Amino acid sequence: MFICVIADYGTGDPAFAEVAQRLLMAFPHAQTHLLSVPPFSTLATGFWIAQLGLNPGPSDRLIYHNCAPRQDDPQARRDNEGEGLTYALLSNDVKVVGVNAGYTLSFIKDHAKVLRVVNVSRGGSQFRSRDVFPLAAAAIGREDFSLLGDSLLPEQIPDVPPDRIAWIDGYGNIKTTIAAHTVNLEPESKIVIRIGDVVSDAIYSDGSFKVSEGTLAFAPGSSGWLCADSGQPLRWMELFLRGGNAWERFSRPRVNQQVTLIA
């Protein structure tokens, strides 16, 4: 089995090792990959669940995710309670187990053959993803579905916001939640883009490297998957500064910030 752990613990945080150890107790021969997202960023979590889960990979895959801002109830928490655990079985039979918070399930909600609540405690530990949830994830990974509860409907899960930053990669490219098929521009069109307080000229391109050095391109990026309804490729738009860093150009914006096309 290949297990991908997606969480907001922080790059290099020992919490990843603690969680991986609990999962490997059930699957000692599994391979694990650890992916850190920004603190409380359910949007980035959901984006990577879909990008990794809906694209080709090992047939025996489990995605275990934890990004739980505990924003489902603004009142004081009893016994460290937080958002509940869920199970999704994707159209390609990839299993996804993790907390239903914010946008964590938004990118996959129309790709799930099964979408169920997992009946485990919502509290009991500040570190539920180590102390409570791995046992449930392990049972599901072994095809034991006795903990599954009520079904979740796609309409109970928020839609993906259509104009946000989903991720900033190591090159400073800004991956957005703007679907390429929604952009109605001619190639080489000049546009203006605002992120936060920064405004920049850009060129719309159908391929990032079709712009000259030093030019900010707005182009379909490398991330995406097949649409659930049509089976057609879905690509997300990226901001790419050839020979530079788009993230720096826009004064280091955060994931989830709004991206606005002014012209």
Side-chain angles (χ1 to χ4, degrees), residues 6-8 35-55 63 65 67 69 71 88 90-91 96 98-112 154-185 191-200 202 204-208 216-241 245-247 249-263:
I6 304 174
D8 59 348
L35 174 58
S36 179
V37 299
F40 308 134
S41 183
T42 63
L43 186 69
T45 302
F47 177 82
W48 282 111
I49 290 170
Q51 179 67 18
L52 296 173
L54 295 173
N55 280 300
I63 296 177
H65 61 95
C67 181
Q71 293 176 341
L90 302 184
S91 54
V96 179
V99 174
N100 177 17
Y103 300 113
T104 56
L105 303 179
S106 296
F107 291 88
I108 63 167
K109 66 176 184 175
D110 295 323
H111 295 268
E155 50 266 32
Q156 294 176 280
I157 299 165
D159 292 332
V160 175
D163 56 357
R164 305 291 180 86
I165 296 175
W167 191 253
I168 297 106
D169 71 17
Y171 297 98
N173 301 328
I174 298 174
K175 298 177 183 288
T176 77
T177 60
I178 301 171
H181 68 267
T182 66
V183 179
N184 187 21
L185 293 170
I191 57 176
V192 178
I193 292 178
R194 176 191 294 275
I195 302 178
D197 295 327
V198 180
V199 175
S200 178
Y204 169 70
S205 171
D206 55 5
S208 294
L216 181 69
F218 181 60
S222 59
S223 300
W225 44 85
L226 297 181
C227 291
D229 52 355
S230 66
Q232 295 299 308
L234 169 64
R235 284 288 175 267
W236 302 104
M237 299 298 290
E238 287 189 23
L239 287 162
F240 167 92
L241 182 60
N245 187 306
W247 182 58
R249 166 73 67 89
F250 285 98
S251 296
R252 300 185 175 188
R254 301 180 306 278
V255 167
N256 207 44
Q257 278 194 247
Q258 188 173 28
V259 179
T260 303
L261 276 65
I262 299 175

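Because only heavy atoms are used, hydrogens play no part in the values below, and waters and symmetry mates are left out as well, while side chains stay in. Values in this document were obtained by computation on a predicted structure and should not be read as measured data.
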Trainee: Which pair of non-hydrogen atoms, one from Asp110 and one from Ala228, has the smallest distance, and what is that distance?
Mentor: O-CB, 3.1 Å
Trainee: Output, in order, the C-alpha distance, side-chain angles, deciding distance and verdict of side chain to side chain contact (heavy atoms under 4.5 Å, CB included) for Ile63 and Ile6.
Mentor: CA-CA 7 Å; Ile63 296 177; Ile6 304 174; 3.9 Å; yes
Trainee: With distance as the sole test, does Glu238 use its side chain to make a donor-acceptor pair with the main-chain N or O of Ser222 at under 3.5 Å?
Mentor: yes
Trainee: Without swapping roles, check the side chain of Thr104 against the backbone of Val99 for a donor-acceptor pair under 3.5 Å.
Mentor: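 The answer is yes, because a donor-acceptor pair under 3.5 Å joins these two groups.
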Trainee: Is there a donor-acceptor pair under 3.5 Å between the side chain of Thr176 and the backbone N or O of Met237?
Mentor: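 Yes.
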Trainee: Say you draw a straight line from CH2 of Trp247 to CD1 of Ile195; how long is it, rounded to the nearest 0.5 Å?
Mentor: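 Separation between the atoms: 12.5 Å.
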Trainee: For the atom pair CD1 (Ile108) and CD1 (Ile49), what is the distance rounded to the nearest 0.5 Å?
Mentor: 5.5 Å
Trainee: Do Ile165 and Arg254 come close enough that some side-chain heavy atom pair is under 4.5 Å?
Mentor: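 Sidechains of Arg254 and Ile165: no contact.
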Trainee: Between Cys67 and Ser41, what is the shortest heavy-atom contact and its length?
Mentor: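 Heavy atoms of Cys67 and Ser41 come nearest at SG-N, 3.4 Å.
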Trainee: Could you check Ile174 against Arg249 for side chain to side chain contact (heavy atoms under 4.5 Å, CB included), going step by step and ending with a plain yes or no?
Mentor: CA-CA 11 Å; Ile174 298 174; Arg249 166 73 67 89; over 6 Å; no
Trainee: Step through the shown structure and confirm whether more than 12 heavy atoms of other residues, nucleotides or ligands are within 6.0 Å of CG on Asp197.
Mentor: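 For Asp197, atom CG is not crowded (no more than 12 foreign heavy atoms under 6.0 Å).
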Trainee: Can you give me the closest heavy-atom contact between Gly46 and Phe107, atom names plus distance?
Mentor: C-CD1, 3.3 Å
Trainee: Checking the side chain of Thr177 only, and the main-chain atoms of Pro161 only, is there a donor and an acceptor separated by less than 3.5 Å?
Mentor: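 At least one qualifying donor-acceptor pair exists.
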Trainee: Passes side chain to side chain contact (heavy atoms under 4.5 Å, CB included), Val37 versus Val255? Steps please.
Mentor: CA-CA 9 Å; Val37 299; Val255 167; over 6 Å; no
Trainee: Give, for atom CG of Leu185 and atom OG of Ser205, the distance between the pair rounded to the nearest 0.5 Å.
Mentor: 11.5 Å
Trainee: Measure from the side-chain N and O atoms of Asn256 to the backbone N and O of Arg164, and report whether any donor-acceptor pair falls under 3.5 Å.
Mentor: no
Trainee: Check the pair Leu239, Leu216 against side chain to side chain contact (heavy atoms under 4.5 Å, CB included), reporting the backbone distance first and the verdict last.
Mentor: CA-CA 7 Å; Leu239 287 162; Leu216 181 69; 4.3 Å; yes
Trainee: Given side chains that start at C-beta, do those of Val183 and Phe218 come closer than 4.5 Å, heavy atoms only?
Mentor: yes
Trainee: Quick check: do Trp236 and Trp167 have side-chain heavy atoms less than 4.5 Å from each other?
Mentor: no
Trainee: Considering only heavy atoms from C-beta outward, does the side chain of Asp159 approach that of Lys109 to under 4.5 Å?
Mentor: yes
Trainee: Suppose we screen for side chain to side chain contact (heavy atoms under 4.5 Å, CB included). Which residues come up paired with Ser251, at least two apart in sequence or across chains?
Mentor: Val198
Trainee: Are Val259 and Ile193 packed together at the side-chain level, in the sense that at least one heavy-atom pair is separated by less than 4.5 angstrom?
Mentor: yes
Trainee: Kindly indicate whether the side chain of Thr45, heavy atoms from C-beta on, has any atom under 4.5 Å from the side chain of Asp8.
Mentor: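 They are not in side-chain contact.
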Trainee: Flag the pair Leu54 / Leu226 as yes when at least one side-chain heavy-atom distance between them is below 4.5 Å, and no otherwise.
Mentor: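 The answer is no; the side chains never approach within 4.5 Å.
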Trainee: Can you see which heavy atom on Pro158 is nearest to which on Ser106, and at what distance?
Mentor: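 Heavy-atom minimum between the residues: O-OG, 2.6 Å.
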Trainee: What is the distance from atom CG of Leu43 to atom CD of Gln257, rounded to the nearest 0.5 Å?
Mentor: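 If we round to the nearest 0.5 Å, Leu43:CG and Gln257:CD are 12.0 Å apart.
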